[in-house]
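Structure first, then comments.
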Amino acid sequence: LLCIGAGYVGGPTMAMIAHKCPQYKVTVVDVMPAKIAAWQTDDLPIYEPGLLDLVKTCRGKNLFFSTDVDKGIKESEIIFISVNTPTKTFGEGAGKSADLQYWEKTARDILRASKSDKIIVERSTLPVKTAIAMERILSLNEKGLKFEVVSNPEFLAEGTAIRDLEKPDRVLIGSKETKSGLEARKEIVDIYANWIPRDRLITSNLMSSELSKLAANSFLAQRISSINSLSALCEKVDADVNEVARAIGKDSRIGDKFLKASVGFGGSCFKKDILNLTYLCETFGLYEIAAYWESIVKMNDYQTNRFVQTITKAMFNTITNKRIALFGFAFKANTSDTRETSALYVTRKLMMEKAHVVISDPKAIKNAKNDLKEYGNDIEYQEDPYKAAKDAHAIAIITEYEKTSFYF
Ligand code: ADP
């Protein structure tokens, strides 16, 4: 098995497969040498609880990391693709559709280096119908090779990725419903069946699988925007949004998860996937539906903005030179990931007002420094929250850390 892309998705997924399936040789390749080098050490390029222990059980035995993409492709029978597919920042669909340049490059790498038939497993989140496009690119080969593309979207949540991989609610495997498509589907089902009960392995056609991933993330984000929208109203009428969430969450039709009011959702998936869904709807002329889903992102922006305004208002409408400590910078607890974190937006706003911002986070300081490098030494970083809080005029709680994670 080969995995292209050694990031938040590829690394943990392949470590779990290697751990659970000693009969497979698993190789993870990436174009970034520094990242591959870090995977060989105890200082992994990403933080995820339990990941290092998991990697240690199989690294060098049946789990390997390499920068030699072509060799990996040549030697593999099944290729998982987990390269990044960020939102496009330029041209047609900018700000909404997925940027497929890394993904297409990967398709072309596979085409160039392959010497035998392969199953390609899409694990990155991609717009619907990408698998078909991938198959079109791959079938353009003059070597007579056959590629069967399967969609296997990841549903793991950062911070609990290892638990999610070990005991997933479900694993979704979509394929074409042709003979060869169904055979490829079975191969992938058989890998996961090494540790996951069969009734949790859901199979479907390709497009259902691709769309389900966007839909799942959009529904999750919708819950956060729904409760956040009520938080503003609660503050006006002296209701407590936590009490409202508890009351409605007890209804089993609603459920209690993802109902915590906050400064807004972040992360590399929610916004991106909703925007992908929106763009898809617009492409098909479904403008009302696009507007409906897009409003979830708008509500999120509103909430983050409101958070900063609340800080400012509470401090007599001026925060210039005031020391404001941010507790948490990662987009959620137990991860080093800061992609699309609300903290970034909050920090920028506070810096515009010339506040003295101090950032504290147990795992994400390195990424925070990188995200905010334009401010240089104007921002203070303190891993120790006590030092961050010392003499602060305000503490803004951004990430929902348990007390213990902050070494209290
Ligand atoms: P995700 O959260 O989706 O896993 P990451 O950015 O953490 O996203 O990981 C994606 C990885 O894919 C990055 O490490 C990037 O260097 C790698 N990558 C992108 N394009 C290619 C490529 N053509 N070949 C190999 N690796 C690639």
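Atoms within each ligand, like the ligands themselves, are counted from 1 in listed order. Computed from a predicted structure; not experimentally measured.
- Listed here is the closest heavy atom pair of T57 and K61: O-NZ, 3.2 Å.
- For residues 54-91, the set of pairs meeting the ring-ring contact (aromatic ring centres under 6.0 Å, His included) definition, not counting sequence neighbours, comprises W39-F65.
- Among all protein heavy atoms, the one lying closest to atom 9 (O) of ligand 1 is G7 CA, 3.3 Å.
- Shortest contact from atom 25 (C) of ligand 1 to any protein heavy atom: I4 CG2, 3.4 Å.
- Protein heavy atom at the shortest distance from atom 3 (O) of ligand 1 is V9 CG2, 3.7 Å.
- Ligand 1 lies out of reach of S124, whose nearest heavy atom is not under 4.0 Å from it.
- Considering backbone and side-chain atoms together, E158 places no N or O closer than 3.5 Å to any N or O of ligand 1.
- With hydrogens left out, the protein atom closest to atom 26 (N) of ligand 1 is V31 N, 3.4 Å, a heavy atom.
- Scanning all protein heavy atoms for the shortest distance to atom 23 (N) of ligand 1 gives T106 OG1, 3.5 Å.
- No hydrogens or angles considered: nothing links the side chains of D301 and T304 as a donor-acceptor pair under 3.5 Å.
- With a heavy-atom cut-off of 4.0 Å, R108 does not touch ligand 1 at all.
- Ranking the protein heavy atoms by distance from atom 16 (O) of ligand 1 puts D30 OD1, 2.6 Å first.
- Taking each heavy atom of T67 and P33 in turn, the nearest pair found is CG2-CA, 3.7 Å.
- Using a 4.5 Å heavy-atom cutoff, the side chains of I324 and I319 are in contact.
- Listed by atom number, the atoms of ligand 1 under 4.0 Å from K35 heavy atoms are 13 (C), 14 (O).
- The side chain of D109, and not its backbone, has at least one atom closer than 4.0 Å to an atom of ligand 1 (non-hydrogen atoms only; side chain from C-beta on).
- When only interatomic distances are considered, the shortest N/O to N/O separation between S268 and ligand 1 does not fall below 3.5 Å.
- In this structure, R185 contributes its side chain and E177 its backbone to no donor-acceptor pair below 3.5 Å.
- Side-chain contact, D371 with T338: a donor N or O sits under 3.5 Å from an acceptor N or O.
- Close contacts between ligand 1 and M32 involve ligand atoms 16 (O) [criterion: under 4.0 Å to a heavy atom].
- Inspection of the Y292 and Q222 side chains reveals an N or O donor paired with an N or O acceptor under 3.5 Å.
- Counting only distance, with no hydrogens or angles, the side chain of S231 and the backbone of N228 share a donor-acceptor pair below 3.5 Å.
- Ranking the protein heavy atoms by distance from atom 18 (N) of ligand 1 puts V83 CG1, 3.7 Å first.
- The single protein non-hydrogen atom nearest to atom 19 (C) of ligand 1 is N84 OD1, 3.2 Å, given as residue, atom name and distance.
- Under the 3.5 Å distance criterion, the side-chain polar atoms of K88 are matched with a main-chain donor or acceptor of E92.
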